[in-house]
Amino acid sequence: MPDVAEILIPLALDTAYSYVVPEGLRLAEGDVVQVPLGPRETVGVVWGLAQTAGGSNLRPVTGRVDAPPLSEPLRRLVDWIARYTLAPKGSALAMVLRLPDEAAARETARVGVRVSGKAPTRATPARRKVLEAAADGALHGKSALAKAAGVSLSVVDGLIDDGALEAVAVEPEAVAPPPDPDHPRVPLSDAQEAAALELIAGPGKALASPGEGNARVSGSALQPVEPAAPGPVLLEGVTGSGKTEVYFEAVAHCVRAGRQALILMPEIALTAQFLDRFAARFGVRPAAWHSGVGGRRRERLRAAVAAGEARVVVGARSALFLPFRQLGLIVVDEEHESAYKQEDGVHYHARDMAVVRGRLEGCPVVLASATPSIESRVNAERGRYRHVRLPERFGGRRLPDIRAIDMRLDGPERGRFLSPPLINAIKANLAAGEQSLLFLNRRGYAPLTLCRACGHRYRCRNCSTWLVEHRFRKALVCHQCGYAEPRPQACTECGTFDNLTACGPGVERIAEEVSELFPDRRIIVLSSDFPGGAERLRMELDAVAAGECDIVVGTQLVAKGHNFPHLTLVGVLDADIGLTSGDPRAAERTFQLLQQVTGRAGRGERPGRALVQTYQPTHPVIAALLSGDAERFYAEEVAAREAAGLPPFGRLAALIVSAAEREAAEAQGQALARVAEPPPGAMVLGPAEAPLALVRGRYRFRLLVKTERNVDLQSYLRDWLARAPKPRGSVRVAVDVDPQSFL
DNA sequence: AGCACGCCGACT
DNA sequence: GTCGGCGTGCTC
């Protein structure tokens with residue numbers, strides 16, 4: 001009987017394909033192999049092995065690929081994610097497999113040059129400059145040397161050809177130097193020590209030796225090293241309470257135990273600042289994995305992770321799929337961040353997938369946040385997650401003083417957006433030589449453009465949204481789908497010249513107002529459309545953190561994961577943005593965002609100030625923010641959702657229908673209206689009067705499906721669709737998932 | 001993902 | 001009469 005291998009191919013295929021294993025090839029589950037597929041060869045992973053009679057019509061496996069095999073937990077993660085997200089298994093595999101691309105393979109090894117001692121045949125001024133710069137005889141990077149000499153790279157190349165410089169292949173710098181868990185560090189506070197102990201050792205252990213005073217995490221209490229208690233833990237600590245230092249202890253413990261640790265962060269929070277904090281604790285910077293790490297380095301890091309050499313990886317959400325050899329800990333920093341949602345391709349929430357991976361790997365998962373998501377909070381309260389709290393700021397730091405500015409009483413003059421009390425506060429802050437942040441969660445210059453002559457409002461061709469003016473780009477841009485058109489000189493509707501008017505503020509407009517008020521101050525606008533891309537933005541954030549700026553005008557990204565140690569005043573410009581949207585998470589999101597951003601104020605032991613411009617000072621979200629009563633906010637929000645029939649959890653299924661399909665259906669009187677009558681346990685999200693949102697040329701329904709624990713959403717939806725006429729369009733699961741169902 | 005097949009518009 | 005648009009379907 002021939003050996004047959006079930007091979008899962010990283011394409012949008014839901015089932016593994018069968019291939020014959022040729023004589024002499026020994027395969028194990030998880031091996032990466034090459035197989036024929038149609039006219040070409042592809043890679044795949046052995047998902048199963050069997051001996052069967054027949055199967056003579058099957059094509060043979062070509063051979064094994066030189067790549068580390070996929071571990072059992074990682075294969076189970078692929079199965080799990082595919083099932084949970086309704087994605088084809090092959091698509092889930094593709095996230096894990098990400099093979100070395102050819103571009104990376106072709107990338108040449110780094111070359112260093114040094115003086116050979118031989119004089120150049122011809123000595124031009126440019127060549128002399130290079131030789132002077134390299135006169136120390138040390139090894140120099142080619143481009144670095146050219147730069148230092150102020151000449152172009154070709155001069156250096158010319159000298160190499162001439163023999164005056166010799167090229168030496170340099171060992172690339174280590175991708176993942178080992179972190180030292182016992183590197184000298186600043187002592188933790190008692191609260192931090194207790195939290196770290198509880199994190200590592202499990203509940204109750206923190207108080208295990210009360211007689212000894214304060215047990216120290218690195219002291220004898222936890223030696224010899226045993227693996228940390230598995231399972232999810234919510235680490236909740238107010239801004240400035242030192243959560244990072246606490247989970248660093250869990251990371252240190254994991255490293256001492258000889259296992260690997262993964263720290264997940266929202267992409268934007270992966271800055272030099274964080275890497276330096278890590279270096280201060282562990283002596284070296286951690287291996288960093290994010291979209292900016294490319295080519296050879298990416299591949300080498302993957303290999304180091306698979307070999308178990310990379311002990312600690314800090315990465316954005318895709319790092320969750322790295323092939324760790326022995327994963328001992330996952331930390332999800334800023335657990336509430338919506339950046340953990342992947343919304344194209346396979347839809348998933350990295351925080352929840354981290355919990356799943358942790359369970360499959362048998363390791364702890366630390367969810368850290370100052371403002372946890374509702375679902376994590378409820379999970380902690382109901383005992384599904386352990387809950388460790390840091391209720392106080394570190395080192396006697398106090399929470400900022402937050403006050404509302406009632407815009408109905410103290411509003412700005414017409415066409416302006418900064419209220420007099422806020423302007424005065426900024427003035428005082430500048431006079432004291434301190435940094436201020438103005439927060440407005442709206443990119444661009446103005447959210448709406450209209451023609452003063454005919455009243456025409458500019459909207460997106462693909463989406464049901466207004467076009468946002470971006471003055472810097474001289475364009476009108478759709479924030480939904482990215483569609484952009486140049487800002488017209490004359491109204492496209494009535495032809496009137498120069499009569500378009502910008503309505504409402506975006507950060508660009510605020511920056512304009514600020515520069516008029518404070519013309520000689522250093523002002524910077526930070527938003528996701530920062531010119532120069534993510535890398536530049538990261539650098540800019542680090543510069544701001546270093547104090548190289550007087551006034552920052554920023555969108556939500558300034559609220560995320562950064563410390564700005566020089567910041568003492570935060571002005572929130574329109575606290576009410578987002579409160580009126582139909583999103584069931586509107587209140588939660590706004591509360592988290594405002595609490596994060598106002599929490600940025602404060603310097604050392606001096607509390608900062610936050611001034612919140614609002615038209616609704618008594619709104620529950622604003623009131624909770626002003627009083628600092630997060631407990632009450634969470635309790636009220638959960639109660640409100642229950643009263644509205646919305647669970648704190650749910651999975652969202654999205655039915656995506658093209659505009660053409662919808663029109664066709666409506667012409668036949670079908671109207672896809674059955675979506676308005678979802679099955680029991682499911683509900684349609686969105687404003688009742690507009691159940692359809694037009695996004696990227698496609699109508700999108702979202703169904704919030706309440707599922708009981710362990711209910712299989714796929715069969716649930718399949719049942720429902722079987723009873724209803726077959727929908728036009730496809731059903732996909734979006735990413736508001738239900739953590740109950742996987743614990 | 002590729003790469004076929006397939007059915008309707010403007011061209012050597 | 002063909003070239004070519006991308007919609008749909010298949011790859012063990």
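When reading the values below, keep in mind they use all heavy atoms of this one structure, side chains included, and skip hydrogens, waters and symmetry mates. Proteins get letters first, then strands, A, B, ... in listed order; numbering begins at 1 in each.
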Nearest-Å distance, CG (A/D14) to C1' (C/dC12)? 15 Å
Nearest whole Å is fine: how far is C/dC12 P from A/Y19 OH? 5 Å
Send over the distance from A/D3 CG to C/dC12 P, rounded to a whole Å. 20 Å
Without decimals, in angstroms, what is the distance between A/L13 CG and C/dG9 C1'? 12 Å
For a quick check of understanding: with a heavy-atom distance under 4.0 Å over all strands, which category does A/I9 fall into, base, sugar-phosphate or nothing? nothing
Check A/I263, A/D333, A/L329, A/V332 against A/V366 for a side chain to side chain contact (heavy atoms under 4.5 Å, CB included) and give me the one that passes. A/L329
Taking the side chain of A/S18 as its heavy atoms from C-beta onward, which of B/dC3, B/dA1, C/dC12 lies nearest to it? C/dC12
What's the CG-C1' distance between A/L11 and B/dC3, to the nearest Å? 12 Å
Do the non-hydrogen side-chain atoms of A/L541 and A/L526 ever get within less than 4.5 Å of each other? yes
Under a 3.5 Å distance rule, please check whether A/R357 uses its side chain to pair with a backbone N or O of A/L320 as donor and acceptor. yes
Scan side-chain atoms only and decide if A/E6 and A/S18 contain a donor-acceptor pair under the 3.5 Å cut-off. yes
Length of the line joining A/Q34:CD and B/dA1:P, which is rounded to integer Å: 20 Å
In whole Å, what is the span from the OH atom of A/Y17 to the P atom of C/dC10? 10 Å
What is the distance, to the nearest angstrom, from the CZ atom on A/R40 to the C1' atom on C/dC10? 10 Å
